[in-house]
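Bear in mind that the values here come from a model prediction, so they are computed numbers and not experimental data. In listed order, ligands and their atoms are each counted from 1.
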Amino acid sequence: MRSHLLNDATAESYRRSVTEGVERVANKLATTRGPFTGVTPAELAPVIDAVDLDRPLGDASAALDELEDVYLRDAVYFHHPRYLGHLNCPVVIPAVLGEAILSAVNSSLDTWDQSAGGTLIERKLIDWTAGRIGLGPLADGVFTSGGTQSNLQALLLAREEAGTRDLSKLRIFSSECSHFSVQKSATLLGLGADAVVSVPVDRNKRMQSVVLAAELETCRAEGLVPMAIVATAGTTDFGSIDPLPEIAALAEEYGAWMHVDAAYGCGLLASRKRRHLLDGIERADSVTVDYHKSFFQPVSSSAVLVRDGATLRHATYHADYLNPRRTVAEAIPNQVDKSLQTTRRFDALKLWMTLRVMGADGIGELFDEVCDLAREGFALLAADPRYDVVVEPQLSTLVYRYIPENVTSPAEIDRANLYARKALFASGEAVVAGTKVDGRQYLKFTLLNPETTTADIAAVLDLIAGHAEQYLGENLVHA
Ligand SMILES: *Cc1c(COP(=O)(O)O)cnc(C)c1O
C-alpha cells in the first residue's frame with residue numbers, strides 16, 4: 001500500500017497517474033456535445049449504489065474507467081457554451097495547474113510552519129485585491145471557502161464592532177435581492193429573527209437608498225443598533241449593483257459597518273472598461289469577493305477583505321499546539337489568526353498562477369466579454385415578442401420569461417416556463433436557471449462563458465419556446 005503514498009520513491013507513478021487523469025478529462029472536454037446528458041437521479045443512483053467501497057479496484061486506470069460511469073459521463077460541464085445556469089464559470093488553465101500543484105504539495109495555510117511561502121503568497125494576493133478595491137493602508141483579509149463564509153465572517157466582525165452585547169438590538173440592512181447567506185449568518189451569529197431588515201429595490205433591482213435612510217432612522221428612533229449595511233455588488237439573480245456611494249454615506253452617518261458583497265461583481269476589479277461600476281466600494285469596512293465566480297477560478301477560491309486589519313482579531317484564538325501567543329510577538333505570520341477555518345487549502349495559488357500567466361487584464365477582458373454578451377442577449381430578448389425580460393443587465397445575467405400568445409392565466413404561464421426549464425435540462429441541450437420575480441416564475445441565463453455567442457442564446461430561446469409551446473399544446477388537449 002505504500003506505493004500509493006506520494007513521495008520520492010513514487011514520483012513516477014504520480015506522474016503517470018495524474019497524466020492519465022488529465023488525459024481522460026481532456027478527452028471529455030474534446031468530445032462533450034452538450035453541457036449535460038439529462039441523466040436523472042433515479043438512473044444514476046443505482047450505478048453509484050452498485051459500487052462496493054470495501055472492494056477497491058487496486059489501480060488508478062480501473063478507478064478512472066469506473067469514474068467514467070459514475071461521474072464523468074454525466075457531469076454538468078460548465079465549459080460548454082450552452083451551460084447558462086448558475087454562477088459557475090469555465091476555469092482558466094493556469095488556475096487548474098495551480099490546483100494540481102496545491103493538492104500535491106498539500107500546504108495548509110493555517111500556520112507559517114505548514115506553508116511557508118504559501119502564506120506570503122496568500123498575503124500578497126490579499127494586498128493586491130485590497131489595493132484594487134482601494135481599502136487603504138491598514139487593509140487585510142483572508143481567503144475563505146466561498147462567499148457564504150466570507151459574508152459570515154464579515155458580519156461576525158460587524159457584530160463585535162457594534163459595541164453592544166444585547167444581540168436582540170442589532171439590525172442588519174440588506175436589499176430584498178441580497179444573498180440568503182446574510183440571513184443565514186444573522187441566525188448563526190445569534191441575532192434575533194427580525195435582525196435582517198429587507199430593503200426594497202428599485203425597478204433596476206438596486207437597493208432604494210431613500211428607503212434605507214428611512215429604515216435607519218426608524219432603527220435609531222426605536223433604540224436599536226444598526227450593526228451593518230450589506231450592499232450587494234452584483235446580486236445573484238440580476239447582477240444589479242446597489243448604490244455604493246449613497247450607502248457608504250448612510251453607513252457613516254449612522255455608524256453602521258458597511259459590508260459589500262461583491263461575490264459576483266468582483267470581476268469588475270480586473271476590468272478596464274467597467275471598474276467604475278464599483279465606485280464607492282473603497283469606502284467599505286469589509287468586502288466579499290468570489291474569485292470562483294468572476295475570476296474564472298476553480299471552486300473554492302474566495303476572500304474576505306477588511307479596511308482595518310485590526311478588526312480581524314475577533315477571529316483570533318490561540319492554541320498552544322498551533323499558534324501560541326508568543327508567535328504574535330515573534331511576528332510569525334499565522335493566517336489562522338484571521339480565519340474561521342483551521343486547516344485550510346492553499347486556494348490562493350490558483351489566483352497567483354492566473355495573474356502570473358494572464359495578468360489581471362486578461363481576466364478583466366474575459367469578464368467584460370460576458371458582460372457585453374449579456375447586453376446583446378438583452379437586445380435579443382427585448383426585441384422578441386415571445387419573451388418578457390426583466391432588467392437591463394449591469395453584469396452578465398438575464399432574467400426573462402416566455403409569454404405565450406392567447407394564454408392569460410398567470411399560473412399557466414408559470415407552469416409553462418418551469419416545464420421548459422426542466423425539459424431543457426432533461427434534454428441536456430442547454431442548462432438555464434430559474435427564479436421568481438414578484439412571485440412569478442422566470443428563467444435566467446447566467447453568462448460567464450466568453451465562448452457563448454448570441455447565436456447560442458438565440459438557439460436556446462428557440463428551444464425554450466418549443467418546450468413551453470409543447471407543454472401548453474398538450475395541456476389544451478388534456479383540458
Ligand atoms: C454566490 C453568492 C454568494 C455565496 O457565495 P458561495 O461562494 O456560493 O458561498 C454570496 N453572495 C452573492 C451575491 C453571491 O452571488
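- At a heavy-atom distance under 4.0 Å, no atom of Thr235 approaches ligand 1.
- Nearest protein heavy-atom contact of atom 6 (P) of ligand 1 is Gly147 N, 3.3 Å.
- Between Thr37 and Asp74, the side chains place a donor N or O and an acceptor N or O closer than 3.5 Å (distance only, hydrogens not considered).
- Taking a cut-off of under 4.0 Å to the non-hydrogen atoms of His292, the atoms of ligand 1 that pass are 7 (O).
- At a 4.0 Å heavy-atom cut-off, ligand 1 touches Lys293 through the side chain alone.
- Partner Tyr442 forms a side-chain hydrogen bond (donor to acceptor under 3.5 Å, both in side chains) with one of Thr435, Asp414, Asp388 and no other, that one being Asp388.
- In this model, no donor atom of one side chain and acceptor atom of the other lie less than 3.5 Å apart for Asp347 and Ser300.
- Side chains of Thr235 and Ser240: a donor-acceptor N/O pair is present below 3.5 angstrom, by distance only.
- Remark: ligand 1 and Asp290 share an N or O pair separated by less than 3.5 Å (distance only, no angle test).
- No N or O atom of Tyr264 sits closer than 3.5 Å to an N or O atom of ligand 1.
- When only interatomic distances are considered, the shortest N/O to N/O separation between Thr236 and ligand 1 falls below 3.5 Å.
- The shortest heavy-atom contact between Ala374 and Thr397 is CB-N, 4.5 Å.
- When only non-hydrogen protein atoms are considered, atom 9 (O) of ligand 1 lies nearest to Thr148 OG1, 2.6 Å.
- When the heavy atoms of Asn151, Thr446, Asp261, Thr232 are ranked by distance to atom 11 (N) of ligand 1, first place goes to Asp261.
- No more than 12 heavy atoms of other residues, nucleotides or ligands lie within 6.0 Å of CZ in Arg375, so this atom counts as exposed by the packing criterion.
- Residues Asp290 and Ser302 share a closest heavy-atom pair of OD1-OG, 2.6 Å.
- Interface of Leu87 with ligand 1, defined as ligand atoms under 4.0 Å from a residue heavy atom, comprises 15 (O).
- Every atom of ligand 1 is numbered from 1 in the order shown, and the set under 4.0 Å from a heavy atom of Gly234 is 13 (C).
- In this structure, Leu188 places its CG atom where more than 12 heavy-atom neighbours from other residues, nucleotides or ligands lie under 6.0 Å away.
- Taking every heavy atom of His179 and a limit of under 4.0 angstrom, the matching atoms of ligand 1 come to 2 (C), 3 (C), 4 (C), 10 (C), 11 (N), 12 (C), 14 (C).
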